[in-house]
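Everything below concerns the one structure shown next.
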Amino acid sequence: MKIWAHRGCSQRYPENTLLAFEKAAKLDGLTGIELDIQLTKDGELVVIHDEKVDRTTEGTGYVKDYSLSEIKRLHIYADVNPSQQIPAMEEVLDLLADRMREGLKINIELKNSVFPYEGMEEKIVELIGRYGLQKSIVYSSFYAISLEKLREIEPQAQIGILDTKVSDCLYKVKGGCGAKALHPYWRGIDLSPEKLVGYSVRAYFSGHLYPEKPTGTLLDLEALEKQGITDVFLNEPERYL
Ligand code: G3P
Ligand code: CA
C-alpha cells in the first residue's frame with residue numbers, strides 16, 4: 001500500500017500549511033503529499049482546501065475575493081504553531097523541490113468544481129514547468145473538464161480523477177478526462193478488484209480527522225488492498241509508516 005500525507009501531516013499540524021508539509025517530507029517511505037489549490041482575485045495559486053477562508057483562519061469570505069497580499073495577512077487557527085499562513089503554491093515548491101527531486105510526489109488537487117477558476121490549469125502547469133518538476137506531480141480534480149483541459153496543455157501530465165464511487169471515476173475516464181488513476185472515496189469501491197487492474201486506485205477518506213475510526217484504531221490496509229486500492233491519502237501517515 002502506498003501512503004500519501006493528506007493536506008500534509010494534517011492530524012497533528014494545521015492542514016495545507018508549510019509546517020504540515022515539512023513534517024510529511026521528513027517521513028521515510030512516504031509516497032507523496034496531497035494538497036488543494038484555489039485562485040486569488042489577482043490570479044495567484046494558493047494552497048487551501050475550502051473556497052472560503054472562514055474555517056481555517058480568522059478571516060471571512062471567499063479566497064477569490066482576496067489578493068495574495070491580503071490573504072497572507074490571515075493566520076491559520078492552531079493551538080500550537082499559530083504562526084502559519086495560507087501558503088502560495090510557489091512557497092510549497094520552494095520548500096519541497098529538493099525532496100521531490102529525490103522521489104517525493106505531490107498530488108495537486110485543483111479545487112475548481114465550485115468556481116471553475118479561469119486560467120488555473122495554465123497557471124499550475126506553467127509553475128510546475130518553471131521548477132522542472134513535471135514528473136513529480138499527479139494532478140486531480142472532481143471536475144473532469146478541467147482535467148481534459150490540463151491534458152491538452154500538458155499531454156504528459158499524470159492525472160487522477162476524483163469521485164465518490166470508483167465506478168463513477170471510471171465513467172469519467174471513459175468520457176475522456178485522460179486520467180490513468182482513480183481517486184475514489186474509500187467506501188466507494190463498488191467494482192470488483194479485477195475491474196480495477198491496471199489503474200492506480202488512490203482512496204481518500206471523509207471528514208477532517210482521519211482515519212474514520214475510534215481514536216487508536218488503525219485502518220486495515222490489507223483489507224483495503226484486497227479491494228483493489230493501491231494508495232491511501234491519510235491525515236496521519238506517520239502512524240502507518
Ligand atoms: O484528493 C483526495 C481528497 O483530498 C478529496 O477530498 O475534500 O479532502 O479534498 P477533500
Ligand atoms: Ca483534497
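We number each residue from 1, following the sequence as shown. Since this is a predicted model, take the numbers as computed values, not measurements. Whatever order the structure lists ligands and atoms in, that order sets their numbers, starting from 1.
Polar contact with ligand 1: present for R7 (N/O pair, distance under 3.5 Å). Where the criterion is an N or O separation shorter than 3.5 Å, residue side chain and backbone included, N107 fails it with respect to ligand 1. Geometrically, ligand 1 and Y204 share no nitrogen or oxygen pair separated by less than 3.5 Å.
Ring geometry for Y204 against Y185 counts as tilted: the plane angle lies between 30° and 60°, on a 0 to 90° scale.
Using a 4.0 Å heavy-atom cutoff, H183 is absent from the residues neighbouring ligand 1.
For the pair K174 and Y171, the cation-pi criterion (under 6.0 Å, within 45° of the ring axis) is not fulfilled.
In this structure, E34 does not pair ionically with R7, as no charged nitrogen and carboxylate oxygen lie closer than 4.0 Å.
With a 4.0 Å cut-off on non-hydrogen atoms, R202 does not touch ligand 1 at all.
Under the 3.5 Å distance criterion, the side-chain polar atoms of Q84 are matched with a main-chain donor or acceptor of L19. A donor-acceptor contact shorter than 3.5 Å links the side chain of K72 to the backbone of I86.
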| field | salt bridge (Lys or Arg N to Asp or Glu O under 4.0 Å) between K111 and E51, intermediate numbers included | value | CA-CA 8 Å; K111 281 288 184 199; E51 285 71 30; over 6 Å; no
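If you look at the Ca ion (ligand 2), the protein N, O or S atoms less than 3.0 Å from it are E34 OE2, D36 OD1, E109 OE1.
When all heavy atoms of D42 and S67 are compared, the closest pair comes out as OD1-CA, 3.3 Å.
N16 pairs with exactly one of I76, L35, I33 by the side chain to side chain contact (heavy atoms under 4.5 Å, CB included) rule, that one being L35.
For ligand 1 and D36, the ligand atoms under 4.0 Å from any heavy atom of the residue are 9 (O). Residue-ligand proximity, K111 to ligand 1, at heavy-atom distances under 4.0 Å covers atoms 7 (O), 9 (O), 10 (P).
Ring-centre distance between Y13 and F21: not below the 6.0 Å cut-off.
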